[in-house]
Amino acid sequence: ATGSESTLRQRSTVPKHTPPTDSNTAATEDAPKKVIKSVFTSAEKTNSLIALAGLTALAIVSRFYKINEPDEVVFDEVHFGKFASYYLRGSYFFDVHPPLAKMMLAAMGYFIGYDGHFLFDNIGDKYNDNNVPYIGLRALPAFLGAMTVPLVYMTMREAGFPILTCALAAFFVIFDNMLVTQTRLILLDSMLVFFMMCSIYSYVRFYKTRNNPFSLKWWSWMIATGISIALTTSVKMVGLFTVATIGVAVIWDLWELLDIRRRLTMQQFMNHFYARAIGLILIPVVVYLFWFYVHFAILINSGPGDDFMSTEFQETLKGNTMADGIYVKYGDNITIRHKDTSVYLHSHAHNYPLRYDDGRISSAGQQVTGYSHEDPNNLWQIYSDNVENTKIGNQVKDKDVIRLLHVATSSWLLAHDVASPTMTTNEEITTYSTNEDGSRFNETTFQIILESGGDKLRTMASNFKLLHQSTKVAIWTHSQKLPDWGFEQQEVNGNKNLVQKSNLWLSDNIEGKNASEIDQESSKAVKTRSFILKFLELQGKMISHNAGLTDSHPYQSSPIEWPFLVRGISFWTENETRKQIYLIGNPLGMWIAVASLAVIIGVSGADLLSRRRGFYPLNQDVQKRFYYATGFFFIGWIFHYIPFFLMGRALFLHHYMPALVFSYMVLAAVHGFIFIEGVDGPISDPGPETRPRQLQRAIVPVIAYATGIILMAIHLGSFLFFAPLSYGTSAPSVAGLARRKFLPQWDYHFAK
Amino acid sequence: MYTSENIKRRNPVGSSAGRDQGPQQQQDDHYNNSQNQNRASVDPYGPNPLKPAFQHQQHQQHQHAGTAYGYRDYYGFGYAPSRREYSANKYIRFYQENDYILIPTLLTLVSFWTRFRDIKSSDYVVWDEAHFGKFGSYYIKGDFYFDVHPPLGKMLVGLSGALAGYDGSFAFDSGAKYPDINYGFMRIFNAFFGAIMVPLAYWTAQELRMSQAACIFAAVLVLFDNAYLTISRFILLDSMLLSATCFVFFCLTRFRNERHDPFSLDWWLWLAMTGVAIGLVSSIKWVGLFVTALVGLNTIEELWDLFGDLSLPKTTYIKHWVARAACLIALPFSVYVASFALHFAILQNSGPGDAQMSSLFQAGLNFNDFRNNPLYVAYGSKVSIKNTGYGGGLLHSHVQTFPEGSGQQQVTCYHHKDNNNNWFIKHAKSEGVPEDTGSPQILRHGNLIRLGHEQTNRSLHSHRVKAPVTSAQYEVSGYGDDSTVDANDEWVIEIVEENSHHPKDGQLRSLSTTFRLRHRILGCLLTAENINLPQWGFRQIEVTCDTRNRTNSPHSLWNIEQHWNDKLPAGEGTLYKSKFWKDFWHLNVAMMTSNNALIPDPDKEDVLASNPSQWPLLAVGLRMCGWGDDAVKFYLLGNPIAWWGGTLSLGVFAFTVCYYIVRRQRKFQDVTPMEWDQFLAAGKLLVGGWFLHYIPFCIMGRVTYLHHYFPALYFSLLLFSFVIDHFVNRPGVSSKVRNVVWAVAFAAVTFTFFFFWDVSYGIRGPAAETMKSRQWRGAWNIIDDHKPNTFI
């Protein structure tokens with residue numbers, strides 16, 4: 001039905017009873033009988049290589065241009081630079097992302113001789129002053145960011161698009177300001193996008209070998225796909241979106257294979273299934289676990305991440321404090337430290353003022369505060385609530401009801417329904433003297449609830465809540481300082497929100513326990529724990545912490561804003577020079593990309609409706625390329641974008657980066673769909689069963705080149721216009737910034 | 001590599017002998033031409049089984065032994081009633097001839113008995129009777145109130161009260177003992193709605209082409225579900241909502257079965273009935289929109305099918321669209337609007353809900369004193385200021401301070417009338433005018449004012465501090481007092497519109513003039529955008545100073561509501577008349593806003609609330625009243641067998657569909673195309689109904705309770721029966737097996753119902769002693785105070 005003389009974009013209806021069939025099995029009467037190895041001529045291949053080389057060079061230049069500037073910590077380099085340092089020191093840290101990209105940065109640091117002495121504490125810290133070889137560290141993401149470009153080009157090329165289309169996609173990826181800014185800094189997204197494109201490229205290669213199943217090439221590309229998706233996921237959990245993209249394509253492919261008309265026996269089909277299960281599930285899982293194995297093997301020392309993990313985990317780290325833990329017994333004098341703010345529960349012989357500044361009245365009882373230094377006033381003696389059976393000498397157990405005696409003032413810790421000094425919603429914590437009668441006994445009992453570290457209270461190891469028995473509040477403190485009357489110590493109050501994580505305290509010392517006793521009670525040996533338990537614990541913590549990143553950030557944005565580039569992120573500013581780095585995509589390029597996504601939806605919708613009416617507006621091969629190649633990239637965009645709508649955590653514009661790459665590929669493909677007649681084909685490797693098909697060539701008219709060049713010019717112009725904000729190398733004037741403010745929400749610094 | 005020799009040839013229809021080749025031929029054509037297949041020829045829905053169907057009887061020679069009862073006809077193209085063997089005994093024959101009316105009648109009578117018996121067993125206000133009884137009272141008294149639900153259900157409660165001779169004077173305090181009012185009648189009125197779910201389930205199952213046993217089983221599942229029973233027996237909206245949902249679904253299936261005969265009288269009738277039904281259900285609770293969505297999706301599917309029918313003339317296709325738009329959009333909307341029109345018509349008096357409405361609307365209510373306000377507003381007047389945005393509140397302040405930002409006194413918008421809404425209009429300091437200048441000076445466009453809070457004396461203040469929630473805008477706070485005034489306390493009045501017959505002369509009149517308040521220094525507009533503050537702000541509405549200068553946003557427009565000024569003459573008492581559409585829209589937005597504000601409060605543990613994940617397997621029950629040993633206690637708990645079976649059937653159905661689809665891809669024909677289409681079509685409706693009534697609760701942030709699952713449950717119960725029916729009517733299942741399966745199913749459901757009898761009809765005496773054996777799941781708090789979902 002598709003003779004070479006018919007116009008390739010056929011607008012007439014295909015006869016009603018011959019709907020499009022699978023073109024691999026469709027016999028074409030007048031087709032040449034010999035199998036064609038490749039549809040492209042050698043001249044074209046050379047041209048393609050030249051284009052590829054040129055684009056790669058441009059990509060490298062765009063990523064490495066003035067990579068030494070600024071020589072200061074920019075945005076999330078704070079985190080990822082720091083994590084690289086921790087790897088080099090081997091101290092355990094905790095992050096919500098899997099380890100691969102950070103280990104790559106650390107390895108880079110190791111090779112260039114960086115020892116991890118710098119901790120990247122604040123945005124704006126100077127690298128040169130601290131002898132950090134940051135250019136080397138930045139070179140890795142910049143290089144991988146640049147290498148994404150040839151991958152995009154080759155993926156498009158393998159999917160059968162003409163050179164112009166491939167170059168257009170690669171060009172848009174090169175000159176997108178967001179991709180440039182984000183990939184030339186010490187961040188993870190460069191690796192993420194690189195591995196993501198490796199996955200897509202490998203999968204396209206794998207799909208093209210489908211006529212020779214179980215051949216070496218077939219296995220190689222499938223395993224390459226599996227390893228790539230594993231690497232993507234080992235960089236960020238967002239890699240699961242890539243897994244989903246590939247997964248959908250694989251399921252669809254299997255579904256086609258299952259079709260009886262494909263003439264596979266069930267045994268053959270199951271072989272296909274098992275092969276994919278091995279290559280795309282089993283191998284990726286092993287690779288993903290491997291990086292965690294390396295992660296644990298490197299991070300053997302106690303470090304800032306200890307507190308995130310369970311006691312059992314911490315005991316596997318060298319120099320951990322857990323080993324010092326001693327069981328607390330009734331009658332011991334202990335110090336109690338707040339887990340989040342590290343202050344001691346403290347009291348002293350001063351009372352709350354009767355009347356606060358805002359007119360509220362207090363109980364005027366003895367102050368209970370949070371104090372950050374060691375002091376005799378931090379000592380509390382632990383008693384049972386049972387006056388007859390004091391249990392002195394017994395170990396304190398989970399869910400015991402206790403009373404705490406402030407040793408220095410000899411008074412009982414107490415909570416009651418009086419508003420606390422700074423928070424009207426929380427209860428005041430005070431003490432009352434042992435000299436008074438026992439009428440307030442019920443207000444002094446607290447239940448001790450151990451959240452971790454076994455079922456007996458142990459110093460250092462046990463995190464616990466102190467739950468007031470009669471009014472159901474938990475003792476809590478926060479970084480708010482009391483006024484002068486409270487000596488600027490932290491306010492301690494009774495929190496009605498019992499589930500809050502910041503209700504946790506730990507006991508860090510028992511007065512009078514000397515070192516010999518400690519040695520008797522516990523040994524300091526580092527314990528071991530099986531890898532799989534460590535992995536499961538860390539993975540669980542990563543997921544729960546990631547979901548818990550709900551604190552709002554001034555530059556967070558909602559996913560609906562991303563494709564339209566409603567707002568950027570301020571990465572870095574320098575007040576003296578008025579330079580700044582403002583993360584923002586290439587506005588014109590991104591808006592064109594959104595329009596092309598709309599074209600996809602419109603065209604496929606119109607095609608669906610017309611086919612429903614027995615009218616086939618698209619040539620069969622054009623239609624197939626449109627759905628199989630362009631549609632695949634579109635699905636990639638959907639899968640890397642839509643899931644963000646379901647996430648509760650704080651989201652940022654740079655989360656759109658993977659989807660943005662797909663949207664540029666869609667843009668180029670849509671440009672081709674509109675301006676290029678027909679498609680090149682067949683492009684898949686022929687197999688022994690493949691029937692010969694007629695060679696098809698795309699016709700690239702002048703208008704296609706013209707529009708392509710215009711698009712590139714627009715994109716490049718827009719890129720250069722915003723380049724000062726992306727590279728942070730020069731400071732635009734106030735008027736210059738105002739000109740760059742296409743939308744009022746783009747909140748640059750130094751704009752006034 | 002793969003040649004045709006490798007493929008085992010399969011008989012696509014199975015191995016059943018003695019069947020003609022008709023269906024197979026049909027199947028092959030269907031398969032190969034699937035893209036062009038005219039779907040009308042495989043219509044899974046035959047004609048109405050209750051009608052004679054002579055034209056379909058030519059296929060009865062394919063009668064299978066398994067279809068001796070019911071309306072199932074496996075191998076025909078339509079669904080004709082089976083040719084029945086009638087008994088010689090005239091009584092049995094009479095039953096056989098009339099079973100289609102006898103069975104539902106009997107089920108309905110049993111349903112009435114279960115719903116109505118001993119309905120007055122507790123003579124106190126149980127659970128949400130406290131709300132809905134009260135709302136019913138308002139209709140009897142005619143007092144305007146506000147609630148998040150649309151009015152129809154509550155008007156019916158009011159009607160039941162009126163019929164019972166109740167005068168609306170009882171306060172319906174939770175747990176209070178009923179005085180001398182006929183609450184039994186009111187409960188029976190409600191229970192009636194719950195009772196008719198049973199015959200509706202029976203008929204719906206029939207429309208879904210289930211066998212007679214399955215239809216009865218579906219009805220029995222509804223009849224003997226303890227949760228449906230319990231919730232129906234009190235003065236609540238749920239029984240009405242449930243029966244209306246069932247009615248919508250019945251109409252929908254009935255209408256689908258008319259698809260072979262479009263634009264016939266019956267077709268129009270059931271299309272219109274569907275429309276009216278979705279209007280009714282949406283006017284009871286917005287949950288009705290879920291079943292409306294089911295109707296919508298079904299309509300889209302139908303139109304899509306018709307779109308592919310190339311033989312259909314275009315005008316006919318357009319007629320299909322128009323008919324559906326008229327009956328499924330215009331008609332329900334009219335019903336919904338009519339319920340609000342009635343609502344406004346009945347509630348003529350000022351009441352507790354006034355503050356949710358526009359000032360003008362309130363002024364139109366009887367016994368409202370606004371219209372006696374002095375008309376012109378002057379310096380020195382005490383006023384309350386209302387936001388004109390839909391669902392807008394009154395400008396409010398209270399002694400509590402912002403926990404972040406400036407830490408100054410909170411300023412919010414609040415929907416209830418209280419003294420903290422009152423502000424004095426004062427001269428701005430920068431004008432240098434002394435406060436008391438004798439004759440009052442009327443406010444005009446452009447005047448500079450300072451607003452002093454009556455209770456705390458603070459001035460309305462804004463500054464370059466981020467607002468607490470909308471951090472892009474400035475915070476508005478209460479600051480200083482009469483002696484400490486600040487340049488940031490000054491606001492400019494900009495008059496926008498005059499909504500009365502008075503001329504537009506730039507003077508500020510109470511109620512009818514809308515105006516903006518612009519901060520003199522920052523130039524921003526006082527705005528309240530229906531964004532709720534966190535718990536520290538008591539979930540009141542955030543007030544900000546909006547720098548975007550959106551002069552047309554109703555959220556930055558205000559009007560004077562209450563107005564006191566001794567020096568000015570009282571108002572004219574002119575008739576303030578607001579427009580119905582404005583009020584209708586205003587009330588709906590206010591309902592939406594309040595509904596969205598019902599989010600779980602992390603600081604408060606609500607033992608009644610439950611999580612959607614706990615519902616399908618009945619992990620929770622709900623105590624509907626106090627649990628004292630002397631009280632008659634009601635525990636909202638489903639029939640576990642019915643609930644678990646319903647949930648299980650969802651999984652079984654999904655698995656079965658996947659199994660069939662995969663097998664079809666390999667060209668195994670486990671079911672005939674006819675059966676397959678029918679299986680899918682009915683399953684789609686049931687599973688879709690369940691999903692649409694369940695998933696939204698998982699997504700939405702508001703507090704959820706067990707009874708939110710009840711509409712979804714109905715679909716899973718029908719599916720339960722449907723799935724059993726499908727499997728017991730497979731070829732190869734003997735009638736003996738079939739009978740045993742049904743017997744076990746009926747017995748299990750009935751037994752469990754009676755076992756949990758007391759849970760629905762009232763537990764008397766100490767629960768711990770009598771209910772021990774009913775504690776089937778750990779988290780049920782029938783006997784002791786479990787507190788699931790808390791860390792204690």
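Just so it is clear: chains get the letters A, B, ... in the order the sequence lines come, proteins before strands, and each one is counted from 1. These numbers come from a predicted model, not from an experiment.
Around CZ of B:F402, the count of heavy atoms belonging to other residues, nucleotides or ligands within 6.0 Å exceeds 12. The local environment of NZ in A:K741 is crowded, with over 12 non-hydrogen atoms from other residues, nucleotides or ligands closer than 6.0 Å. The 12-atom threshold is exceeded at CZ of B:R548, counting heavy atoms of other residues, nucleotides or ligands nearer than 6.0 Å. B:F655 CZ: 12 or fewer foreign heavy atoms inside a 6.0 Å radius. Within 6.0 Å of atom OH in A:Y627, more than 12 heavy atoms from other residues, nucleotides or ligands are found, so the atom counts as buried in its surroundings. Other residues, nucleotides and ligands contribute over 12 non-hydrogen atoms within 6.0 Å of the OH atom of A:Y555. By the 6.0 Å contact criterion, NZ on B:K466 is open, its count of non-hydrogen atoms from other residues, nucleotides or ligands being 12 or less.
In summary, A:D259 and B:R664 do not engage in a salt bridge, as defined by a charged side-chain N under 4.0 Å from a carboxylate O.
With a 4.5 Å cut-off on non-hydrogen atoms, A:L257 touches chain B through its backbone but not through its side chain. At a 4.5 Å heavy-atom cutoff, the contact between B:W304 and chain A is made by backbone and side-chain atoms alike. Neither the backbone nor the side chain of B:V399 comes within less than 4.5 Å of any heavy atom of chain A. Using a 4.5 Å cut-off between heavy atoms, B:I661 contacts chain A through both its backbone and its side chain. Interface remark: A:L609 contributes backbone and side-chain atoms alike to the contact with chain B (heavy atom separation under 4.5 Å).
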Review point. Checking salt bridge (Lys or Arg N to Asp or Glu O under 4.0 Å) for the pair A:R612/B:D309: CA distance, chi angles, key distance, verdict?
Key: CA-CA 8 Å; A:R612 187 79 188 149; B:D309 180 1; over 6 Å; no

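Using a 4.5 Å heavy-atom cutoff, the side chains of A:I260 and B:Q665 are not in contact.
The backbone N or O of B:G308 lies less than 3.5 Å from no partner atom in the side chain of A:R613, so there is not a single donor-acceptor pair.
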